[in-house]
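What you see is a predicted model, and the numbers here were worked out from it, not measured in a lab. Only heavy atoms go into these numbers, but all of them, side chains included; no hydrogens, no water, no symmetry mates. Just so it is clear: chains get the letters A, B, ... in the order the sequence lines come, proteins before strands, and each one is counted from 1.
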Amino acid sequence: MLQQTQMATVLPYYRNFLRCFPSIEALAKAPLHRVLAAWAGLGYYTRAKNMHLAARIVMKKFGGRFPDDWESVLALPGIGRYTAGAVLSIAFGQRYAVVDGNVERVLARLLKIRANLKTSKIQKRLWTVAELLVPAEAPSKFNQGLMEFGALVCLPKNPQCGRCPLTAWCGARRHGIETEIPSPRQRQRTRDIQRLVAVIRDRNDRILLSQRRETTLMRNFWEFPSWEFKRGKPPTSIETRQSTCRLEGALEQIFTIPLKVRGAICTFRHHITFHRIHVQVFEVQLQNEASLRPSIPPGMRWIPKNSLNKFLFDSASLKILESLHDSAG
DNA sequence: AATCCGGGGGA
DNA sequence: TCCCCAGGATT
């Protein structure tokens, strides 16, 4: 859970997760959708999938007992060099190093490394140093202490050199360049994506939802039928008419029943990593009021409005749901 | 050895 | 908008 996610963000999820799945066995036996439900809102959902799979592997291959050797731990899905080191040192007291974002920064300042820390050359150096530093005695305390030191004292923006016990050994401090290290990382260029969302209702005020299956991305999550288009630049509000046509075209390809785009419900932007998704939500109605059993594509379901809360949604879909409540009064 | 990964929180 | 976060997998 803590991979690329701050401690304060993780804690409530962690507590709830352990309530839901108090043991490896409980986690392994649970269906994936229940694991994802406990993860919903935390992001990077492949972590949940990996942890679930890892629990099943531990049950099958290690009889439910978490392995305590480097190769076995590292081979588990979702566990890389950092997590393997953390588990082996903290849970099993073995002498392995950890280099997370905090340790990276602390060591880079101590060693006065001005280069990009993400290159494999520098990473290799940082890991080598961390492995030299970690003591055989209480590696758990050393590793956690080093990470905590980075989080509380050797801060990214305002390093607390005034109350740092290591200034005498700090190369960056000696040259007065502690705020210039680590060097700014190069950012991914954000990509604009246009997403057209159809809120389709039937005569009983049920709403059509589809579940993501084909994709590995956010699989099992439910969403409103939607179509995405890559953009060179963000769409403008003037393009609503164009979007309507585009959505109608997409609907025609999927549905055999006549549908009519009524109008826009809301528009908002949703950011995911380096994607900037311009979401346009449209109200869509069944044209043929007489069709009692409107045939819908596989993977889609009519959901009564009052049971929407039983389904797993990502953040963007939750925003749409909120707007529906708002517009419904 | 880069590059990508479809998250979220805080400033 | 920018920056960071107890990184991992893929190519």
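- Nucleotide C:dC3 holds its C1' atom 13 Å from the CG atom of A:L155, rounded to whole Å.
- What separates CG of A:N50 from P of C:dT10 is a distance of 8 Å, to the nearest Å.
- Residues A:L209 and A:F224 have side chains in contact (heavy-atom distance under 4.5 Å, counting atoms from C-beta outward).
- Between A:D192 atom CG and C:dT1 atom C1' there is a gap of 14 Å when expressed in whole angstrom units.
- The side chain of A:R81 places no N or O atom within less than 4.0 Å of a non-bridging phosphate oxygen (OP1 or OP2) of C:dG7.
- Each of A:P77 and A:A8 lies near DNA chain C, and the nucleotide nearest A:A8 is the one positioned closer to the 5' end.
- Here C:dC5 is the nucleotide among B:dG8, B:dA2, C:dC5 with the atom lying nearest to any side-chain atom of A:R105.
- In the set B:dC5, B:dG8, B:dA2, the nucleotide with an atom closest to the side chain of A:S315 is B:dG8.
- Listed nucleotides: B:dC4, C:dG8, B:dG7. Nearest to the side chain of A:F274: B:dC4.
- In this structure, A:Q188 and A:G41 both approach DNA chain B, and ranking their closest nucleotides by distance from the 5' end singles out A:Q188.
- At least one side-chain nitrogen or oxygen of A:Q4 sits closer than 4.0 Å to the OP1 or OP2 atom of C:dG7.
- Minimum atom distance to the side chain of A:K157 is reached by C:dC3, of the listed C:dC3, B:dC4, B:dG7.
- Within the nucleic acid shown, A:E228 comes within 4.0 Å of at least one base atom, counting heavy atoms only.
- Of the side-chain N and O atoms in A:Q3, none sit less than 4.0 angstrom from OP1 or OP2 of C:dA6.
- Put simply, A:S120 has a side-chain N or O that comes within less than 4.0 Å of OP1 or OP2 on B:dA2.
- For A:M147 and A:G78, each mapped to the nucleotide of DNA chain C holding its nearest heavy atom, the one lying further toward the 5' end belongs to A:M147.
- Using a 4.5 Å heavy-atom cutoff, the side chains of A:C164 and A:Q160 are not in contact.
- Residue contacts shown for A:G150 are absent, as no nucleic acid heavy atom lies under 4.0 Å away.
- Rounded to the nearest Å, the gap between the C1' atom of C:dC5 and that of B:dC5 is 15 Å.
- Using a 4.0 Å heavy-atom criterion, one finds that A:L42 contacts the sugar-phosphate atoms exclusively.
- Contact between the side-chain N/O atoms of A:R276 and the OP1/OP2 oxygens of C:dT1 is found at a separation under 4.0 Å.
- Per the geometry, CZ belonging to A:R185 stands 10 Å off P belonging to C:dC3, to the nearest Å.
- For A:I277 and B:dG7, the CD1 to P distance is 9 Å, given to the nearest whole Å.
- Counting only distance, with no hydrogens or angles, the side chain of A:T5 and the backbone of A:Q3 share a donor-acceptor pair below 3.5 Å.
- In this structure, A:H270 and A:F268 have perpendicular ring planes: the angle between them is above 60°, well past the 30° mark.
- The closest side-chain heavy-atom distance from A:K260 to A:V284 is not below 4.5 Å.
- A straight line from NE2 of A:H270 to P of B:dG8 spans 6 Å, rounded to a whole angstrom.
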Practice task
Show your reasoning for whether salt bridge (charged side-chain N to carboxylate O under 4.0 Å, His left out) applies to A:R201 and A:E283.
Solution key: CA-CA 8 Å; A:R201 302 171 198 269; A:E283 170 104 40; 3.0 Å; yes
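- Counting only heavy atoms from C-beta on, A:T273 has its side chain closest to B:dG7 among B:dG7, C:dA6, C:dC3.
- Among the nucleotides C:dG8, C:dT1, C:dC5, the one closest to any side-chain atom of A:R269 is C:dT1.
- The phosphate of B:dG7 has neither OP1 nor OP2 within less than 4.0 Å of any side-chain N or O from A:Y13.
- Ring geometry for A:W222 versus A:F311: interplanar angle over 60°, hence perpendicular rather than tilted (30 to 60°).
- Straight-line distance from the CD atom of A:Q123 to the P atom of B:dA2: 11 Å, rounded to whole Å.
- Backbone-only engagement by A:T9 is indicated by non-hydrogen atom pairs under 4.0 Å involving sugar-phosphate atoms exclusively.
- The distance from atom CZ of A:R187 to atom C1' of B:dC4 is 17 Å, rounded to the nearest whole Å.
- Between C:dC5, B:dC4, C:dA6, one nucleotide has an atom nearer to the side chain of A:L2 than all others, and that is C:dA6.
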